Amino acid sequence: MQEIVIKQLTPADYEKIIELWERAGLLAKPRGRDSYRELIKQMEKNPKFFWGAEIEGRLVGVIVASSDGRKGHLNRIAVQARYRGQGIAKRLTLAAEDALRQEGIKVITLLVERDNIPSIQLAHKLGYVQHPDIIYFSKRDSEED
Ligand SMILES: CC(C)(COP(=O)(O)OP(=O)(O)OC[C@H]1O[C@@H](n2cnc3c(N)ncnc32)[C@H](O)[C@@H]1OP(=O)(O)O)[C@@H](O)C(=O)NCCC(=O)NCCS
């Protein structure tokens, strides 16, 4: 099996991150919060929150952690289709969790669409507790954000 390297992402990975998200069916917002400017700003503020998986130098997995100082959040995990089922998402999640814990975060949350069975199973597998009684609300300045 090819070696999987889990590494901290850098601004040089930007195009590959967006491409991976788009190919994995995740809605990237390249004109809003995923624009080069916005994403790199987030990365420079918290470089340890951006993790990738590489195989032979190619980016095959991504996760982005975020923190409001009170709780941590896991966002946009994606693994390239042909490399799924090898534990890459699990390793990326653990790397992001570690980075959040290093910042003193003790509660980590994530949002999953109801029909996304692989992600739901991944969350269960890694010990996340499901809250069917909670309704998620959000307010956006635009559809690009
Ligand atoms: C969700 C996703 C990131 C999982 O990546 P992955 O590298 O294949 O996951 P892993 O191999 O690390 O799997 C870890 C655990 O997750 C669960 N899991 C992963 N894929 C699964 C599937 N297709 N069906 C059921 N459970 C699954 C299993 O519990 C698995 O543990 P096990 O192999 O010991 O049973 C991948 O399917 C993906 O990129 N999906 C599209 C993007 C997406 O929906 N992202 C989530 C946005 S919230």
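Just so we're clear, the structure is a prediction, and the values are computed from it rather than from any experiment. The first residue of the sequence shown is numbered 1, and numbering continues consecutively from there. Ligands are counted one by one from 1 in listed order, and the atoms in each one are counted from 1 as well.
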message: Applying side chain to side chain contact (heavy atoms under 4.5 Å, CB included) to Y14 and M43, what does each step give before you reach the verdict?
response: CA-CA 10 Å; Y14 175 77; M43 208 181 258; over 6 Å; no
field: Verdict with reasoning, Y128 to V112, per side chain to side chain contact (heavy atoms under 4.5 Å, CB included)
entry: CA-CA 12 Å; Y128 287 79; V112 180; over 6 Å; no
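For the side-chain contact (heavy atoms from CB on, under 4.5 Å) with K71, the lone residue among T109, L100, I108 that qualifies is T109.
The closest non-hydrogen atom to atom 48 (S) of ligand 1, taken over L111, I120, I4, I88, comes from L111. The option from G25, A81, G87 that lies nearest to atom 10 (P) of ligand 1, judged by heavy atoms, is G87. Across G61, A24, G85, A123, heavy-atom proximity to atom 8 (O) of ligand 1 is greatest for G85. Proximity annotation for atom 43 (C) of ligand 1: of L94, L74, L26, L26 comes nearest, heavy atoms only.
Residues F50 and V5 fall into different hydrophobic clusters, defined by Ile, Leu, Val, Met, Phe, Trp and Tyr side chains chained together at heavy-atom separations under 4.5 Å.
The shortest N or O to N or O distance between K125 and ligand 1 is below 3.5 Å. Below 3.5 Å of separation, one finds an N or O of I77 facing an N or O of ligand 1.
One N or O on the side chain of N75 and one on the backbone of V64 form a donor-acceptor pair closer than 3.5 Å. Counting only distance, with no hydrogens or angles, the side chain of Q42 and the backbone of R33 share a donor-acceptor pair below 3.5 Å. Remark: the backbone N or O of L27 is paired with a side-chain donor or acceptor of R76 at under 3.5 angstrom. When atom types are taken as modelled, the side chain of N46 and the backbone of K48 share no donor-acceptor pair closer than 3.5 angstrom. Not one N or O on the side chain of R23 forms a donor-acceptor pair closer than 3.5 Å with the backbone of Q80.
Taking the charged nitrogens against the carboxylate oxygens, R58 and E54 have no contact shorter than 4.0 Å, which rules out a salt bridge. One finds a salt bridge joining D13 and K7 here, because a Lys/Arg side-chain nitrogen approaches an Asp/Glu carboxylate oxygen to under 4.0 Å. A salt bridge links K41 with E38: at least one charged nitrogen is closer than 4.0 Å to a carboxylate oxygen.
Protein heavy atom closest to atom 5 (O) of ligand 1, with residue, atom name and distance, is A89 CB, 3.1 Å. Annotation: atom 37 (O) of ligand 1 to nearest protein heavy atom, R84 CD, 3.4 Å. In terms of protein heavy-atom proximity, atom 25 (C) of ligand 1 is nearest to Q121 CG, 3.8 Å. Nearest protein heavy-atom contact of atom 23 (N) of ligand 1 is P118 CG, 3.5 Å. Nearest non-hydrogen protein atom to atom 12 (O) of ligand 1 is K90 N, 2.9 Å. The protein atom (non-hydrogen) at minimum distance from atom 1 (C) of ligand 1 is S119 OG, 3.4 Å.
Atoms of ligand 1 found under 4.0 Å from any heavy atom of N116 (numbered from 1 in listed order, with element): 43 (C), 44 (O), 46 (C). Heavy-atom contacts of A78 reach the following atoms of ligand 1: 39 (O) (cutoff under 4.0 Å). Interface of L122 with ligand 1, defined as ligand atoms under 4.0 Å from a residue heavy atom, comprises 14 (C), 15 (C), 16 (O), 17 (C). In summary, the atoms of ligand 1 found under 4.0 Å from a heavy atom of Q86, numbered by their order in the structure, are 11 (O).
Residue contacts with ligand 1 for I117 are absent, since no atom lies close enough (heavy atoms, distance under 4.0 Å). Neither the backbone nor the side chain of R76 comes within 4.0 Å of ligand 1, counting heavy atoms alone.
Remark: atom 39 (O) of ligand 1 lies closer than 4.0 Å to at least one protein heavy atom.
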